[in-house]
Amino acid sequence: MRVPPDILATLIKLKDFIVFFGPALLAAITLKATLLTALDTDTNPKLLSGSIRLRWLWWLKAFLEAGTPQPLTPLTLLRTHLGRRSLPQAPIQPNPTNPGFQAAAISTSLAGLLTALVLSPVVLVIRLIAGVGIGFLLFTVNINPNRSRAAVTAKDLLKRPLTLTSTQSSPSETDSSTSPGPSSFLQRFGKNWLAEADPYSSAGFYNFVLAAIFTIFVPSRLVENALGTSQWSGPLLAPLLGLLLAPVGGTEIAMVLALSIKGASTGSWVAALIAFPLITLMGIASKWQDYGTQQTVSYALVVWTVAGSVGLLVNLLGINIYV
Amino acid sequence: MCNSSFKRRLNRVRTYFVLITALSLLLTACGTSESEKVKLVSEFSPRPGYLAPDFELKDYNGKSVKLSNFKGKPVLINFWATWCPPCRAEMPEIQAAFRRYAGVGLVVLGVDAREDESTVKKYVEDGSYTWIMPLDQRGEVINTYRVTAFPTSFFVDREGFIQATQIGGMDKRGLEERLAKIGLG
């Protein structure tokens with residue numbers, strides 16, 4: 001049986017993306033697992049004491065955990081949605097799931113920053129500034145956490161006792177937090193590493209496959225005509241191309257590189273870089289479940305506006321970041 | 001419950017890593033990188049350090065293409081074919097490099113191996129590739145350059161010396177490294 005050359009070409013491109021960004025993702029996963037293990041409250045009870053001096057460590061852990069949301073599939077979303085209708089609401093978890101906090105955490109996650117660094121240090125700086133900016137704006141415009149079904153404001157968080165529950169833990173994992181878990185540092189590190197690697201291995205693989213397909217099958221002229229240097233509207237359109245991606249920060253970088261290869265202007269792929277981890281169909285659906293339609297639209301508009309504006313600015317100033 | 005979830009997760013991660021590793025090993029047929037500086041020899045031979053053998057072919061529009069006409073410009077000679085998957089995989093990267101360096105004179109000659117005009121024209125136009133595509137329908141240039149696998153690339157500097165070669169496909173990094181040897185980047 002002869003495999004069509006385009007299929008093999010796509011696999012080769014997939015390999016290229018994995019080789020190019022894989023080490024940065026592995027480093028990010030390992031670093032994050034190490035930090036989370038070091039900040040583990042089960043073995044570091046000082047963190048639970050509520051001391052003001054240690055509060056920043058608590059925030060650091062919450063920030064790290066919020067940076068990798070559990071990847072969602074349409075099936076899990078439907079199941080959760082149906083479950084919400086028929087079952088009583090779960091009590092609000094004392095997690096900083098405020099959309100501003102989470103958006104900033106995803107944008108400036110270790111994986112997002114390290115993969116951006118693979119492209120260029122300037123890209124890392126842009127991602128950092130834009131991520132913080134989006135987080136700040138979402139706080140400012142107040143994606144009304146009071147009316148939301150699950151969100152907690154920063155103010156609420158400060159009032160609550162400092163107990164930690166992972167934002168990404170499934171019910172089975174939540175059960176495990178009460179049962180005796182692995183005790184040695186290495187065992188806990190291994191558990192954290194796997195918990196981190198899990199979304200990256202599945203969602204990352206999916207995102208890289210999409211990027212490889214895009215690189216091989218989409219003609220350059222289409223991208224150049226829509227997002228090229230001659231199109232001022234490119235930075236406004238580019239964020240929409242990430243809708244099909246899985247919302248795991250850092251793994252969208254392959255699609256950003258694919259856009260750059262296919263002839264998108266610098267502003268367009270910078271806008272994509274900022275928006276891709278935050279505006280995906282799965283991510284939006286999850287937000288819609290938690291915050292309702294109006295607030296989800298506000299969230300998407302804020303992200304899209306910031307990403308588009310930064311992209312337009314990059315094009316306007318003629319910044320040519322080497323990628 | 002915890003253990004089964006942990007094991008499931010472990011298995012899933014393990015499966016992906018095995019898949020990725022196997023894929024990487026299978027597809028890493030991209031040759032080796034050349035870091036040493038080549039000694040220049042003023043003889044024509046398809047080897048690094050030698051002058052690139054001249055050739056004249058026609059592109060799919062019937063227009064004549066002669067290598068020596070591009071003296072003074074850095075040239076990438078890329079031997080390829082539409083049936084070759086690694087050639088297809090590296091073409092978007094070549095297009096990106098061509099777009100980037102065309103302003104400083106980069107010339108890319110994509111020498112197609114033994115295919116007819118319509119096949120090449122359709123593939124090139126579908127993919128929006130904009131560099132020059134001469135057709136070596138009788139395989140003479142392929143023999144001159146001793147091309148045994150596709151794609152094979154020769155990086156020729158402004159003086160006409162071959163500074164680097166590559167047997168097999170190139171990723172972004174590999175292409176940039178070799179273009180740097182002919183004074184780009």
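Within the 4.5 angstrom heavy-atom criterion, no atom of A/Phe17 approaches chain B. With a 4.5 angstrom heavy-atom cutoff, B/Thr82 touches chain A only via backbone atoms. In this structure, chain B has no heavy atom under 4.5 Å from any part of A/Val223.
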Salt bridge (Lys or Arg N to Asp or Glu O under 4.0 Å) between A/Asp16 and B/Lys172, intermediate numbers included: CA-CA 8 Å; A/Asp16 285 349; B/Lys172 177 182 165 55; over 6 Å; no

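A donor-acceptor distance shorter than 3.5 angstrom exists from the side chain of A/Arg221 to the backbone of B/Glu125, with no hydrogens or angles considered. Put simply, the side chain of B/Arg99 gets close to the backbone of A/Ile261: a donor and an acceptor are under 3.5 Å apart.
Here B/Pro85 is the residue among B/Pro85, B/Cys84, B/Ala89, B/Ala96 with the most heavy-atom pairs under 4.5 Å with chain A. Between chain B and the residues A/Thr215, A/Thr10, A/Asp6, A/Val218, the largest count of heavy-atom pairs under 4.5 Å involves A/Asp6.
Taking CD from B/Glu90 and NZ from A/Lys13, the interatomic distance works out to 8.5 Å, rounded to the nearest 0.5 Å.
Salt bridge B/Glu93/A/Lys262: absent, no basic N to carboxylate O contact under 4.0 Å.
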